[in-house]
Number of protein chains: 2
Amino acid sequence: MLVTSAPDSPPVGRARLADVAALAGVSVGTASKALNGAGRMRPETRQRVLDAVEALGFRPNQHAQSLHSGRSWTVGLMTTDGIGRFSTPVLLGAEDALGAGKISVLLCDTRGDAIREQHHLRNLTDRRVDGVIVAGRRTDPRPPLTGIDPAIPVVYALSPSADPADTSVVTDDRGGARLAVEHLLATGRTRIAHVTGPEHHQAARDRARHAVEHLAAAGLEPAAGRVHFGEWSEAWGRRAADAVLRTAPRTDAVFCGNDQIARGVADALRERGKDVPGDIAVVGYDNWDTMALACRPPLTTVDMNLAEIGRIAALRLLQAIDAEPEPGVHTVPCRLVVRESS
Amino acid sequence: MLVTSAPDSPPVGRARLADVAALAGVSVGTASKALNGAGRMRPETRQRVLDAVEALGFRPNQHAQSLHSGRSWTVGLMTTDGIGRFSTPVLLGAEDALGAGKISVLLCDTRGDAIREQHHLRNLTDRRVDGVIVAGRRTDPRPPLTGIDPAIPVVYALSPSADPADTSVVTDDRGGARLAVEHLLATGRTRIAHVTGPEHHQAARDRARHAVEHLAAAGLEPAAGRVHFGEWSEAWGRRAADAVLRTAPRTDAVFCGNDQIARGVADALRERGKDVPGDIAVVGYDNWDTMALACRPPLTTVDMNLAEIGRIAALRLLQAIDAEPEPGVHTVPCRLVVRESS
DNA sequence: AGGTCACGAGCAAACCTTTTCCTAGACGGT
DNA sequence: ACCGTCTAGGAAAAGGTTTGCTCGTGACCT
């Protein structure tokens with residue numbers, strides 16, 4: 001059977017369906033039906049075909065299948081700012097969900113370059129991908145993809161499309177801020193400062209606004225009466241902690257816009273002789289393990305469930321491919337990870 | 001021309017080569033030749049075809065091309081331990097180099113699971129990928145892929161294959177250790193400690209062995225007379241720094257096996273009142289920006305040029321696809337990034 | 001015993017491009 | 001003017017699978 005070259009139909013290389021059919025003594029079409037379950041046929045005929053498939057190690061040629069069906073069983077995954085801390089979990093979540101549906105992922109990194117984006121887009125269109133996921137980094141809306149075949153569904157993850165008619169999956173910054181504030185309130189803190197990133201980042205603005213709102217709902221206002229906007233860095237966290245100690249010395253908790261800031265805050269507080277969480281609790285945002293776990297003490301922080309965002313984006317894409325898309329912005333809830341800093 | 005449905009050949013959906021040929025008044029075969037440059041033909045005929053391509057926005061159907069040529073212009077990129085700090089730059093480097101060759105990357109993450117690896121491998125084989133890159137995380141050799149079609153070339157990146165007949169691209173741990181030690185010697189340090197990860201990691205063993213060898217070549221031995229093996233964590237760095245100060249108080253430099261350890265060492269030294277680099281220099285390994293730049297002071301560290309490893313792996317793969325593979329282990333040199341900690 | 005119905009299996013077209021082989025025409029040389 | 005050669009372009013097959021349609025056979029009912 002598996003000799004290197006048979007007399008007339010040499011199965012050198014991979015076996016074709018024709019080889020299977022010949023071995024089973026049926027026509028090619030019948031062999032195909034036996035494999036795909038369609039049509040009715042005698043069980044023993046089907047079994048003969050399956051035996052032949054087994055004997056020859058036949059695997060269908062996906063190029064031929066794709067040519068026939070027009071589907072590639074492939075989606076493009078475009079990351080717009082390199083592949084970093086934020087896009088990686090999204091990417092893995094998407095890959096996981098798509099792999100279950102027998103769909104593979106074509107990776108395209110634009111490095112934030114519009115030319116490169118166009119180039120990848122043309123490539124994906126030429127490959128007749130079944131869909132595209134665009135994974136951003138920031139939560140600010142991004143302009144929708146231009147020049148893509150409207151027949152190819154697109155889902156935006158993390159950075160929503162500026163066009164509300166598109167489908168986007170984003171994190172729930174409101175819920176995240178609420179989780180953090182309510183946790184601090186529940187553990188008895190009342191003089192809570194908020195230190196976060198640059199005000200021109202929507203994530204910083206949203207988290208700050210909702211944190212303040214939730215404090216107000218409890219009849220409180222942020223320590224020192226204002227939000228501390230700055231950078232997403234440890235250095236800013238350290239400077240801000242000093243500022244908070246100076247201007248609002250009775251502060252008993254700091255909610256930080258990300259884990260780097262939180263770590264900087266925790267470091268500075270410790271170096272100023274404050275006990276975390278004894279004197280002041282610290283809560284971060286991102287659950288970036290290398291920061292949250294290496295912090296002294298390990299950080300309580302908000303996890304955005306990035307992998308879940310990727311998974312949901314993939315499911316939305318599958319839905320848009322097979323059925324009707326569900327446009328609009330879908331938010332994925334956050335989760336509070338409590339550790340020793342609060 | 002671009003009406004939704006012409007009388008007999010409605011160019012609904014995408015234009016086919018037949019549409020182009022019809023518009024240009026030539027046969028399909030001639031249109032193909034005009035596009036691919038092969039065969040001789042009158043310049044004005046070729047131009048007519050190109051004009052038709054332009055008018056219809058024709059793009060060749062890659063499924064048909066792949067079916068014909070047997071090539072998919074696609075390579076599989078398998079990451080074996082999730083996509084993390086180490087594999088991401090490799091992955092991007094590879095994607096970049098392959099994209100230049102009109103080849104796209106199929107992403108497969110095995111999560112370190114052999115079952116998943118087999119599953120992905122079968123999928124890639126079914127898709128007739130032109131080649132596979134296996135990107136590991138640790139530098140310890142890994143068992144070669146099993147059950148892959150021997151006609152598909154494979155290149156291992158970062159984790160070499162245990163089979164020397166395979167092609168692998170790895171980092172130069174010897175050179176990295178030499179860069180660090182020679183830098184410290186050149187800046188006048190002579191009592192150099194080495195703090196690194198677990199001894200069962202080949203990276204830790206290699207860097208330690210070569211560091212010790214280079215010290216010996218200068219007539220020195222490591223401070224405290226031995227290498228400090230431990231974990232790849234900041235906590236271990238802090239503990240080890242204390243141990244070094246206790247057992248070898250005159251130490252004037254610490255070369256660390258990674259940046260996390262280095263940061264822990266720097267933190268502990270500062271907290272013990274030592275000045276870095278005034279009293280003691282600290283050198284890290286990995287050039288992991290979030291660690292190296294956030295460290296106080298910013299870390300001098302060894303950069304493994306991971307993106308270059310990915311790039312070279314991709315080039316080796318392209319070579320193996322188009323021509324003869326060049327088996328064996330290829331090492332990519334490191335680069336020392338000098339900052340303020342030394 | 002003959003006719004009809006149903007089920008099993010095969011044929012062929014369609015998916016689209018590339019490439020080889022072949023034909024017809026033109027031009028040049030004798 | 002005729003023959004040979006060269007070239008441009010067309011026809012057709014190959015690459016492999018899916019699927020609708022058709023055909024044939026067997027069984028059952030009248």
Side-chain angles (χ1 to χ4, degrees), chain A residues 8-50 52-53 56-73 102 125-128 130 151, chain B residues 8-50 52-53 56-73 102 125-128 130 151:
Chain A
D8 55 342
S9 65
V12 61
R14 291 191 183 80
R16 300 163 303 164
L17 190 53
D19 300 324
V20 172
L23 182 58
V26 297
S27 77
V28 185
T30 303
S32 173
K33 283 176 217 166
L35 288 182
N36 300 321
R40 306 162 74 87
M41 58 193 311
R42 236 168 358 212
E44 59 262 35
T45 308
R46 162 164 290 130
Q47 193 54 52
R48 264 208 330 276
V49 173
L50 294 179
V53 164
L56 297 175
F58 167 79
R59 309 240 74 201
N61 184 320
Q62 290 218 358
H63 294 152
Q65 289 183 317
S66 290
L67 173 59
H68 179 80
S69 65
R71 285 197 60 173
S72 62
W73 299 94
K102 287 286 169 201
T125 310
D126 286 354
R127 289 180 183 272
R128 308 289 207 268
D130 299 333
Chain B
D8 55 341
S9 64
V12 61
R14 290 192 184 80
R16 300 164 304 165
L17 190 53
D19 300 323
V20 171
L23 181 58
V26 297
S27 76
V28 189
T30 304
S32 174
K33 281 180 225 167
L35 287 182
N36 300 319
R40 305 162 74 87
M41 60 193 312
R42 241 175 350 215
E44 60 262 35
T45 306
R46 161 163 292 133
Q47 193 54 52
R48 264 209 327 278
V49 173
L50 295 180
V53 164
L56 297 175
F58 169 79
R59 309 240 74 202
N61 183 321
Q62 290 217 0
H63 294 152
Q65 290 182 317
S66 290
L67 173 59
H68 180 81
S69 65
R71 285 196 60 172
S72 62
W73 299 93
K102 288 286 170 201
T125 311
D126 285 354
R127 288 180 184 272
R128 309 289 208 267
D130 299 336

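Chain identifiers are assigned alphabetically (A, B, ...) following the order of the sequence lines, protein sequences preceding nucleic acid strands; residue numbering begins at 1 within each chain. What's counted below: heavy atoms across the whole structure, side chains too, no hydrogens, waters or symmetry copies.
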note: B/L56, atom CG; C/dT17, atom P; distance rounded to Å ~ 12 Å
Under 4.0 Å between a side-chain N/O of B/Q65 and OP1 or OP2 of C/dT18, yes or no?
-> yes
Nearest to the side chain of A/A64 - D/dT18, D/dT17, C/dC15?
-> D/dT17
Can you tell if the side chain of A/L17 reaches within under 4.5 Å of the side chain of A/L35, non-hydrogen atoms only?
-> yes
Out of C/dA14, C/dC16, D/dA8, minimum distance to the side chain of A/H68 belongs to C/dA14
Any side-chain heavy atom of B/K33 sitting closer than 4.5 Å to one from B/V28?
-> no
Do B/N61 and A/D126 have side chains that get closer than 4.5 Å, going by heavy atoms?
-> no
Figure out the CD/C1' separation between B/Q62 and C/dC15, and round it to whole Å.
-> 16 Å
If you check every side-chain atom of B/S27, which of D/dT17, D/dG10, C/dG10 has the closest atom?
-> D/dG10
Over how many whole Å does the gap from B/H63 atom NE2 to C/dT17 atom C1' extend?
-> 13 Å
Would you say the side chain of A/K33 and the base of C/dG8 hold a donor-acceptor pair, judged only by whether the two atoms sit under 3.5 Å apart?
-> no
Comparing nearest nucleotides in DNA chain D, the 5'-proximal residue of the pair B/A31, B/R128 is B/A31
Which whole-number value in Å describes the distance from A/R14 CZ to D/dT17 P?
-> 11 Å
Could you tell me the separation between the CZ atom of A/R71 and the P atom of D/dG16, rounded to a whole number of Å?
-> 23 Å
Side chain of B/M41: nearest nucleotide among C/dT18, D/dT18, D/dG9?
-> D/dG9
Grab the CG-P distance between A/N36 and D/dG20 for me, whole Å please.
-> 12 Å
When you measure from the side chain of B/L67, which nucleotide among D/dG9, D/dT18, D/dG16 comes out closest?
-> D/dG16
To the side chain of B/N61, which of D/dT18, C/dT17, C/dA9 is closest?
-> C/dT17
Which residue, B/M41, B/R42, B/R46, forms the side chain to side chain contact (heavy atoms under 4.5 Å, CB included) with B/E44?
-> B/R42
Here the distance between atom C1' of C/dC7 and atom CZ of A/R46, to the nearest Å, is 13 Å
Does a nitrogen or oxygen in the side chain of B/S32 sit under 4.0 Å from OP1 or OP2 of C/dT18?
-> yes
Are B/S66 and B/R128 close enough that some pair of their side-chain heavy atoms sits under 4.5 Å apart?
-> no
Here the distance between atom C1' of C/dC7 and atom CD of A/E44, to the nearest Å, is 13 Å
side-chain N/O A/R42 vs C/dG8 OP1/OP2, d < 4.0 Å = no
Is A/T45 touching bases, backbone alone, or none of the nucleic acid, heavy atoms closer than 4.0 Å?
-> sugar-phosphate
